[in-house]
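Structure record follows, encoded as structure tokens.
In what follows, chains carry the letters A, B, and so on, assigned in the order in which the sequence lines appear, proteins first and then strands, with residues in each chain numbered from 1. Just so you know, these numbers come straight off a predicted model, no measurement behind them. Reckoned from all heavy atoms, side chains included, excluding hydrogens, waters and symmetry mates.
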Amino acid sequence: MTTLKAVRGTRDLLPPETALWNRIEATARAVFARYNFGEIRTPIFEDTGLFARSVGEETDIVSKEMYTWEDRARAQSEKPQSLTLRPENTAGVVRAYIEHKLGETGQLQKLYYIGPQFRRERPQKGRYRQFSQIGAEVIGPPSAGSESPLRDAEVLEMLATLLDELGITGWTLEINSVGSSADRARYNEVLRAALIPVAAQMCGDCQRRAVTNPLRVLDCKVAEDQAIIDALPKIADSLDGESKDHFAAVTAALDKAEVPYTRNYRLVRGLDYYTRTTFEFTHGGLGAQNALLGGGRYDGLSEAIGGPKAPGIGFAMGEDRLVLTLLAQESAVPQVLADAYIAPLCDEKKPDVLVLVSATALFLARELRRQGLRVELGDGSFRLKKSFEAGNRTARHIVILGEDELESGILTVKDFASGIQTKVPRAELAAFLSQPSGEPAGDSTS
RNA sequence: GCGGCUAUAGUUCAGCGGCAGAACGCCUGACUGUGGCUCAGGAUGUCGUGGGUUCGAUCCCCACUAGCCGCCCCA
């Protein structure tokens with residue numbers, strides 16, 4: 001029988017790496033709080049129709065990457081409902097916005113989420129079938145200012161702040177405007193026409209894209225094609241006046257806030273709901289999956305799924321990719337050391353004392369832990385050498401609790417970093433252990 | 001979904017058609033109330049899974065599975 005393993009594209013996260021995940025999430029929550037965002041948690045699965053109508057029927061995500069199944073019919077007469085594991089979270093957030101009539105509050109909604117998403121793609125470094133996204137959405141009725149370019153700029157400025165506070169160095173922000181859906185449709189035709197005479201000179205992929213999805217030609221990385229692509233009409237020229245002004249206001253605010261960015265007229269994103277501002281934060285060292293996060297404005301999404309007019313802007317960052325980037329930068333996650341390892345000690349020929357020493361060790365650990373110290377309790381093997389070896393791996397200090405200590409109430413504490421051993425009265429133990437390593441105080445004996 | 005590379009000890013990886021290897025880690029002892037450094041010793045294992053070729057396969061062949069890289073796409 002083959003042993004069971006995590007299914008393809010999924011993985012277990014173990015300590016100490018999970019500490020890094022927690023740090024990332026805590027940092028994100030702290031930054032979102034400062035921008036006055038609240039957390040939203042939407043279900044992990046939704047009606048399949050939600051994604052088809054929001055992300056877009058023809059996108060790769062919807063057409064071939066979703067985990068979809070038919071739920072059991074509730075009654076004989078009913079059709080079974082088609083359900084899907086969420087491949088992204090914006091659709092769920094907008095669905096919740098509509099369902100709870102958040103637009104009726106008249107307020108701008110600023111919501112963030114952290115959670116797993118699912119896409120059935122071929123796994124690679126930085127790409128998993130279950131992956132975690134940290135995202136946020138700013139959405140509301142136009143009267144609440146949801147269409148303001150200031151919202152776009154604020155979100156981008158927040159992301160720059162978040163990446164900096166996470167310690168990610170060397171990111172780049174690329175932004176573009178894809179205009180209104182009408183602008184985009186118009187540009188698509190302009191591009192298609194412009195490609196007809198030149199497609200034959202381009203790579204095989206581009207020849208195919210020229211017909212199936214002209215916008216994707218702009219993403220081509222083949223060196224020989226670049227000159228041709230540069231000469232193609234730019235989407236900026238297909239934007240109407242309003243979209244142009246909107247984009248200009250976004251970049252003006254970014255300039256003033258000193259958020260570095262580059263304008264990338266080729267940046268087109270794969271989800272159908274994007275309008276006007278689109279952006280990506282990228283990082284080298286992630287290989288082919290170089291996008292740390294992506295996002296944009298989606299002024300028509302709510303209406304597309306049957307809701308009120310509710311323009312919005314949002315982003316999703318790949319938490320797995322943040323972890324990879326930070327691991328590459330920091331080389332390893334440092335093991336967290338406990339403040340103390342308590343080593344009970346007693347001659348095994350005195351079973352009653354042994355029980356007392358063990359019991360006292362637990363009580364001592366309880367006292368210290370209640371005072372906020374991180375404490376490892378020894379295993380009761382009462383072999384001091386083993387205790388020292390174990391303690392040295394897991395803690396900054398070892399606290400020896402033997403018959404002598406039990407009687408006197410004065411514990412023997414050794415600092416592993418300095419090698420200095422000290423007698424510490426029980427009442428002063430917590431304060432002593434709280435000091436930084438290698439700087440012992442109090443009575444110092446050998 | 002397509003193409004390439006890979007799969008051997010807890011980890012990183014050598015290796016060979018004929019007894020399964022190294023380093024690190026782990027365990028024991030030198031040292032019975034003192035770790036790290038050193039020295040001596042020890043255990044590592046379905047050689048990814050299933051088939052085939054062969055007297056004999058961890059090695060060669062095929063399939064499958066998984067990982068990595070690229071394509072596609074995306075976070």
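Taking a cutoff of 4.0 Å between a charged side-chain nitrogen and a carboxylate oxygen, A:Arg393 and A:Glu376 do not qualify as a salt bridge. In summary, A:Asp320 and A:Lys125 do not engage in a salt bridge, as defined by a charged side-chain N under 4.0 Å from a carboxylate O. Taking 4.0 Å as the cut-off between side-chain N and carboxylate O, A:Asp152 and A:Arg297 count as a salt-bridged pair.
Counting non-hydrogen atoms under 4.0 angstrom, A:Gly391 reaches nothing in the nucleic acid. Residue contacts shown for A:Ile398 are absent, as no nucleic acid heavy atom lies under 4.0 Å away. Within the 4.0 angstrom heavy-atom criterion, no nucleotide atom of any strand lies near A:Gly295. Residue contacts shown for A:Gly419 include a base, since a base heavy atom lies under 4.0 Å away. Counting any heavy atom pair closer than 4.0 Å across all strands shown, A:Phe281 reaches no nucleic acid atom.
Judged by centroid separation below 5.5 Å and plane tilt below 30°, A:Phe131 stacks onto the base of B:rA75.
Evaluation of atom-type donor-acceptor distances gives a pair under 3.5 Å for the side chain of A:Glu405 against the base of B:rG33. A donor N or O paired with an acceptor N or O is found under 3.5 Å between the base of B:rU34 and the side-chain atoms of A:Lys414. For A:Arg127 and B:rC68, a side-chain-to-base donor-acceptor distance below 3.5 Å is absent, hydrogens and geometry of angles not being considered.
Residues A:Ile139 and A:Lys110 form no side-chain contact, since every pair of their non-hydrogen atoms from C-beta on lies 4.5 Å or further apart.
Residue A:Asp60 has its side chain nearest to B:rC73 when only B:rC73, B:rC74, B:rA75 are considered.
Across all strands shown, B:rG56 forms no Watson-Crick or G-U wobble pair with both key distances under 3.5 Å. Across every strand in view, B:rG29 sits in a pair with B:rC39 that passes the Watson-Crick or G-U test at under 3.5 angstrom. Applying the Watson-Crick and G-U wobble criteria (two distances, each under 3.5 Å), B:rA66 pairs with B:rU6.
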Distances under 3.5 Å between protein N/O atoms and the N/O atoms of nucleotides 24-26 of chain B, please, pair by pair.
| unit_1 | atom_1 | unit_2 | atom_2 | d |
| --- | --- | --- | --- | --- |
| B:rC26 | OP1 | A:Arg393 | NH1 | 3.1 |

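One interatomic measurement links the two molecules: CG of A:Leu345 to P of B:rU32, which rounds to 13 Å at whole-angstrom precision.
Annotation: ring-ring contact (aromatic ring centres under 6.0 Å, His included) contacts involving residues 43-62 of chain A, sequence neighbours excluded, comprise A:Phe45-A:Trp69.
Residue A:Arg321 places no side-chain N or O under 4.0 Å from the OP1 or OP2 atom of B:rA75.
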